[in-house]
Amino acid sequence: MVSVNLPDGSSKEFASAVSVREVAAAIGPRLAQSAIAAVVDGRVVGLDTRLPGDGSVAVRILTRKDSEALAVMRHSAAHVMARAVMRLFPGVQLAFGPTTEGGFYYDFALEHPLSESDFPAIEEEMRKIVAADEPFERIESSREDARRVCADLGQQFKVEHIEQGLAEYPTLSFYRQGEFLDLCRGPHIPSAGSIGAFKVLSVAGAYWKGDASREQLQRLYGTAFFTPQELDSYLMKIEEAKKRDHRVLGKQLDLFTISPTVGSGLILWLPKGATVRNLLETFTREELVRRGYQTVYTPNIGKVDLYKTSGHYPYYAKDMFPSLVTTEGEEFILKPMNCPHHVMIYKSRPRSYRDLPLRLAEFGTVYRYEKSGQLSGMTRVRGFTQDDAHLFCTDEQVAGEFRGCLEMTQFVLKCLGLENYRVRLGFRDPASDKYVGSAEQWERAQQAIADVCRTLGIEASEEPGEAAFYGPKADFVVTDCIGREWQLGTVQLDYNLPSESRFNLEYVGADNRMHRPVMIHRAPLGSLERFIGVLIEHFAGAFPLWLAPEQARVITVSEKSEEYGRQVEGQLREAGFRVSGDYRPEKLGSKIRDGQLELIPYMLVVGPRDAESGTVSVRDRIDGDLGAMPLAAALERLGEEVRSRRVRRTFSGDAGLGERGAKNEY
RNA sequence: GCUGCUGUAGCUCAGCUGGUAGAGCGCGUCCUUGGUAAGGACGAGGUCACGGGUUCAAGUCCCGUCAGCAGCUCCA
């Protein structure tokens, strides 16, 4: 006798070991019809799952209305896609085919290189399979049988996976659908007919088990929904997100460009982009002064010995541009980070505990040789400027300094309306011995960091094993408009560079003895390139007034008002606004449209009526025509919005193309 | 770096199975002098990424290089 507890609080008794399908049928024929899967004691299972013969279990039947059902269906869609590919191309080796946040993919090894031109045939074959509505049948077998079946099918990846990845499982499961049989944990939908709408989206390379030294596979991406309407709206969402892409907007709005002649991964800041950067730098600099930092400048190159001492060379040699060798045989490298230079400033004279904490800040431009396939717009580049600073402090000061760094990062992000981020705390892997510094020192620091986050109300995930070898860290991660995550700000403790084997940093303590300082690396924005790239997407190019490259544009109703228009423009400029004037002999509507498309926050329309009364007709980018007002009133309105750094509208949220939520369902 | 795809006017793109280049927007000139998202006419603008090859003939086919895109991998 088994007692089945249902979500509505009721329960049903069954005499024997029933399947979930039978439970659904007992609740109602309609439910049995629309059931996709079920959640049994918190685990998503297929309808063919048999409940235990006695005791009590919680069962929730999933229909297409439940979000868990979508993932189950998509996984089945991945099988259907694999089946279609196997029908079309001989000799397909199956690898993994999990669901992702926005759909699913399946990795294959096959001779024929898949391309978009193959998608229609694959989709057509999938349509046939869905229309046939054959059931997904679960088959359980022993490890040995499973291995033999896969070997007989010639599926080498599956054989390897059974032998290695699944070594601990005594029994394994297959799912059969028609001629298609695949090693798979499941669960699956009852039959293919529930796949309402699907699309093969893209193909790309991927390595078996993510290992670049292993076979390269072809990864076919797709997505599926229960209804064509949902699929359409998803595809629309992707299109919308693509329009927000900073690479598209950067070109459209003349913010930055990249020239192959200068070099890929090297950003050329156009005047408008440079304006935004400049404003951000000024904003940050003011904040640094307020928080007790001192600014420094250091050169773009340094002798290779500096990096030998820091330990970065030759360990990171592949990630740096090759060294520059002078005719006299001196070897320099383009600096890949600022810390060694800042360390030398610390070492430029003996330090006392009274000097600490010493906070040295610099907008330092660094160069790293990223692999060509890595480069992407402004978010992944080979030359970038960090809003960098290095703090030298005593062990006791670490918590307070760390707190200050996080507060500043929080403050800066808040000022920009960037609220959609998460913080990852990279902690040590207790099982590893690769770390510099004592275990107690780490424990104390990690504890302090976690406490600081808690008191600041920062939602942070502790990730053991994610720390760098030299110290724990806190990374601020934001998601871009197409769902990719980018690390922006970072705060990292460093026990390595100050150590005896590196730069051997010291200070004289109150006890007149030498002590070793702790170093903190921190960059609230991270890199200006990446940060502004993310900001462009965050605002969809429509920067808040205080950051807008062009804050206002004077537009004349006709050429008759040009003189008054230029006068207004002059007064705005005098008042410190970034302003332009459009005096072309175009119609008003046309000039407004241009201004709107260029995302100018305010347009000041002036015509004969305004010239007469000394007014301007203000048009707001967001709210439209605000009507005529005295010029002084308009200046006050804009000035107030700048001073308060008001953020009126953002476009966060992604199109669900990310990999978060990817599950390895085989 | 690897796999796949892409590279045509300033921008977005068309150009069929090879027969010496097109559109829209933008730009220039002129007409129009208009009150909140596209007035009209005319015109200029292209080593079809670069280098080889096949061919009577290459934007189109093949190879290489460079760059971009998607993904994998890595990030002090």
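Convention: sequence-line order gives letters A, B, ...; per-chain numbering from 1.
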Closest heavy-atom pair and its distance - A:V436, A:W442: O-NE1, 2.7 Å
Distance check: side-chain N/O of A:R247 vs OP1/OP2 of B:A70, anything under 4.0 Å? yes
Does A:S264 make a side-chain N or O approach to OP1 or OP2 of B:C66 shorter than 4.0 Å? no
Contact nearer the 5' end of RNA chain B, comparing A:R593 with A:E559: A:E559
Is the distance from OP1 or OP2 of B:A70 to the nearest side-chain N or O of A:S202 less than 4.0 Å? no
Complementary nucleotide of B:C5, counting Watson-Crick and G-U pairs under 3.5 Å: B:G68
Watson-Crick/G-U partner (both atom distances under 3.5 Å) of B:U73: none
Do the charged groups of A:E550 and A:R553 touch, with an N to O distance under 4.0 Å? yes
Provide, to the nearest angstrom, the distance between the CD atom belonging to A:E370 and the C1' atom belonging to B:C74. 8 Å
Do the rings of A:Y470 and A:H521 sit parallel, tilted or perpendicular, given the 30° and 60° boundaries? tilted
Any strand counts, and the cut-off is 3.5 Å on both contacts for Watson-Crick or G-U wobble. Which nucleotide pairs with B:G19? B:C56
What heavy-atom pair brings A:V618 and A:D625 nearest, and what distance separates the two atoms? O-OD1, 3.5 Å
Indicate whether OP1 or OP2 belonging to B:G34 is found under 4.0 Å from a side-chain N or O atom of A:K560. yes
Tell me whether the OP1 or OP2 atom of B:C5 has a side-chain N or O from A:S115 closer than 4.0 Å. no
Separation of atom CG in A:L597 from atom P in B:A37, rounded to whole Å: 12 Å
Both distances under 3.5 Å, Watson-Crick or G-U wobble: report the partner of B:C48, or none. none
Measure from the side-chain heavy atoms of A:Y221 and tell me the nearest of B:C5, B:C72, B:C75. B:C72
Return the nearest nucleotide to the side chain of A:H312; candidates are B:A76, B:U12, B:U32. B:A76
